[in-house]
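In what follows, a single structure is set out as structure tokens and then discussed.
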Amino acid sequence: MFQFGFSIANEHESWYDTISEVFAIKVKKCGGICASVRKADRTIVAVACETPRKTALLKEIRGCFIDMFATVVKYEYLKRAIRLPLERNSYNLLLHTLVAFDRENEREIIEENMPVCDGMSLDGVFYFRLGELRTHWEEIARLATENAPYLIDEDTLNELIRFLISAVNPKIMRLEVRQQDNRYNVHGHLPESEFDYNIIGTEQLLLYLIDIAPLELRLSGHFTDKRLCDRLVRIFDAKRAETAEAHERR
């Protein structure tokens with residue numbers, strides 16, 4: 001039987017809480033089990049599996065930790081460091097974009113500097129092993145704060161988000177969005193398959209699109225929110241599906 005344990009300071013327990021469900025699923029996938037206990041100042045997590053599954057389990061655990069630092073921890077760090085007089089939706093949109101920005105490079109930094117060993121401390125890794133990452137995030141926060149007067153203007157903010165997304169590797173080549181009552185149906189085209197996904201709310205749609213950064217975005221049917229359409233066009237260079245198809249037939 002292989003056993004592995006790690007801990008995190010209770011002041012940062014939200015880091016692990018956010019990924020705990022996915023973590024448990026990944027551990028179970030490897031035939032393992034996990035349990036956690038909250039003590040006075042730290043939360044301790046224990047994982048176990050049959051010894052032959054050790055390598056697979058550690059690989060999944062490592063992937064979960066990388067995802068946690070690259071998304072959850074980065075978001076919390078930037079949220080504390082960036083204080084701008086923006087409306088909530090625009091502020092969340094900016095933070096989400098900054099989290100996605102340079103994510104491939106940051107994941108490499110985390111992977112190179114994060115040991116996975118029994119008894120490891122997640123907050124210890126962050127403060128003592130990921131200094132380069134924190135310096136990068138400090139620079140992002142400083143630039144955003146210094147340019148606050150420009151970001152208050154929505155057109156300028158949209159242009160900045162568009163620029164940042166252009167540096168994000170797309171997770172999908174083409175995506176089509178159609179409004180259906182108060183939902184947005186997202187139809188994706190993958191090399192060997194297609195998928196449909198329903199999203200409720202304009203903010204959630206924008207956050208989803210930023211995360212996957214489609215190379216091509218098409219809008220199909222009627223949209224009731226003009227501001228949303230403007231943002232889709234300005235940020236993602238969205239095209240009407242009918243117009244794009246007519247252009248392709250020429």
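Hydrogens, waters and symmetry mates are skipped; everything else that's a heavy atom, side chains included, is used.
- For Glu60 against Cys30, the heavy-atom pair with the smallest separation is CG-SG, 3.5 Å.
- Counting all heavy atoms, side chain and backbone alike, Ala213 lies closest to Ile165 at CB-CG2, 4.1 Å.
- Taking the centre and axis of the six-membered ring of Tyr184, the NZ or CZ atom of Arg178 falls outside the cone set by 45° and 6.0 Å.
- Using a 4.5 Å heavy-atom threshold, the side chains of Arg103 and Asp211 count as touching.
- No path of Ile, Leu, Val, Met, Phe, Trp and Tyr side chains, each step under 4.5 Å between heavy atoms, connects Trp15 with Ile44, placing them in separate hydrophobic clusters.
- Gln3 and Asp118 share no side-chain donor-acceptor pair at under 3.5 Å.
- In this structure a side-chain-to-backbone donor-acceptor pair under 3.5 Å is missing from Lys171 to Asn169.
- Side-chain rings of Tyr127 and Tyr77 stay apart, their centers remaining 6.0 Å or farther from each other.
- Ion pair Arg218/Glu216 flagged as a salt bridge, since at least one NZ, NE, NH1 or NH2 atom sits closer than 4.0 Å to an Asp/Glu carboxylate oxygen.
- In this structure, Arg134 contributes its side chain and Phe126 its backbone to a donor-acceptor pair below 3.5 Å.
- Atom CD of Glu138 has more than 12 heavy atoms from other residues, nucleotides or ligands within 6.0 Å.
- In this structure, the side chains of Met173 and Pro214 stay at 4.5 Å or more apart for every pair of heavy atoms.
- Ionic pairing of Arg107 and Glu104 is not present here: no N-O contact between side-chain nitrogen and carboxylate oxygen is shorter than 4.0 angstrom.
- Annotation: side chain of Leu133 is in contact with side chain of Ile110 (closest heavy-atom distance under 4.5 Å).
- Of all the heavy atoms in Leu151 and Ala144, the pair that sits closest is CD1-O, 3.8 Å.
- Counting heavy atoms from C-beta on, the side chains of Leu98 and Tyr75 never come closer than 4.5 Å.
- When every heavy atom of Phe101 is checked against every heavy atom of Ala167, the shortest pair comes out as CE1-CB, 3.8 Å.
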request  = Apply the test side chain to side chain contact (heavy atoms under 4.5 Å, CB included) to residues Leu215 and Ile172: give CA-CA distance (whole Å), side-chain angles for both, the deciding distance (0.1 Å), then the verdict.
outcome  = CA-CA 7 Å; Leu215 196 62; Ile172 191 170; over 6 Å; no
request  = Carefully, step by step, assess Leu228 and Leu232 under the rule side chain to side chain contact (heavy atoms under 4.5 Å, CB included).
outcome  = CA-CA 6 Å; Leu228 171 65; Leu232 293 177; 4.0 Å; yes
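- In the hydrophobic cluster analysis, where Ile, Leu, Val, Met, Phe, Trp and Tyr join through side-chain heavy atoms closer than 4.5 angstrom, Phe6 is grouped together with Phe128.
- At least one donor-acceptor pair closer than 3.5 Å links the side chain of Arg62 to the backbone N or O of Met114.
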From CA spacing to verdict: side chain to side chain contact (heavy atoms under 4.5 Å, CB included), Trp137, Glu106 = CA-CA 10 Å; Trp137 294 351; Glu106 291 183 350; 3.1 Å; yes
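- Contact detail for Val45 and Phe23: the closest heavy-atom pair is CG1-CE2, 4.4 Å.
- Taking the side chain as every heavy atom from C-beta outward, Glu203 and Leu93 never approach each other to under 4.5 Å.
- Side chains of Asn10 and Asp41: a donor-acceptor N/O pair is absent below 3.5 angstrom, by distance only.
- For Thr18 (side chain) and Val72 (main-chain N/O), no donor-acceptor pair under 3.5 Å exists by modelled atom type.
- Looking at Arg53, its side chain never comes within 3.5 Å of a backbone N or O of Phe2 through a donor-acceptor pair.
- Between Tyr197 and Tyr208, the two ring planes are tilted [angle within 30° to 60°].
- A continuous path of Ile, Leu, Val, Met, Phe, Trp and Tyr side chains, each step under 4.5 Å between heavy atoms, connects Val125 with Leu58, placing both in one hydrophobic cluster.
- Gln179 and His222 are not linked by any side-chain donor-acceptor pair at a separation below 3.5 angstrom, with hydrogens and angles left out of the test.
- Linking ILVMFWY side-chain heavy atoms closer than 4.5 Å, directly or via other members, places Ile140 and Phe163 in a single hydrophobic cluster.
- A single hydrophobic cluster is seen to contain both Ile235 and Leu86, as judged by linkage of ILVMFWY side chains at heavy-atom distances under 4.5 Å, directly or through other members.
- A donor-acceptor contact closer than 3.5 angstrom links the side chains of His136 and Asp102.
- A 6.0 Å sphere centred on CG of Asp181 holds no more than 12 heavy atoms belonging to other residues, nucleotides or ligands.
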key: Test side chain to side chain contact (heavy atoms under 4.5 Å, CB included) applied to Lys226 and Cys229, step by step   = CA-CA 5 Å; Lys226 182 180 182 301; Cys229 286; 5.5 Å; no
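- A donor-acceptor contact closer than 3.5 angstrom is absent between the side chains of His12 and Asp123.
- Between the side chain of Arg129 and the backbone N or O of Glu112 there is no donor-acceptor pair closer than 3.5 Å.
- Contact of the Glu154 side chain with the Ser90 side chain is registered, since non-hydrogen atoms from C-beta on lie closer than 4.5 Å.
- Judged by distance alone, with hydrogens and angles left aside, the side-chain atoms of Asn147 form no donor-acceptor pair with the main-chain N or O of Tyr150 at under 3.5 Å.
- Salt-bridge check for Asp230 with Arg234: failed, with every basic side-chain N at 4.0 Å or more from each acidic carboxylate O.
- Remark: the Thr202 side chain and the Arg227 side chain contain no N/O donor-acceptor pair separated by less than 3.5 Å.
- With hydrogens and angles disregarded, a donor-acceptor distance shorter than 3.5 Å links the side chain of Thr135 to the backbone of Gly131.
- Nearest approach of Ile199 to Leu205, heavy atoms of both residues: CG2-N, 3.6 Å.
- Side-chain contact between Cys49 and Ile33: absent, with no pair of heavy atoms (C-beta onward) separated by less than 4.5 Å.
- In this structure, the side chains of Leu94 and Leu160 come closer than 4.5 Å at one or more pairs of heavy atoms.
- Counting only N and O atoms by type, the side chains of Arg231 and Asn158 include a donor and acceptor under 3.5 Å apart.
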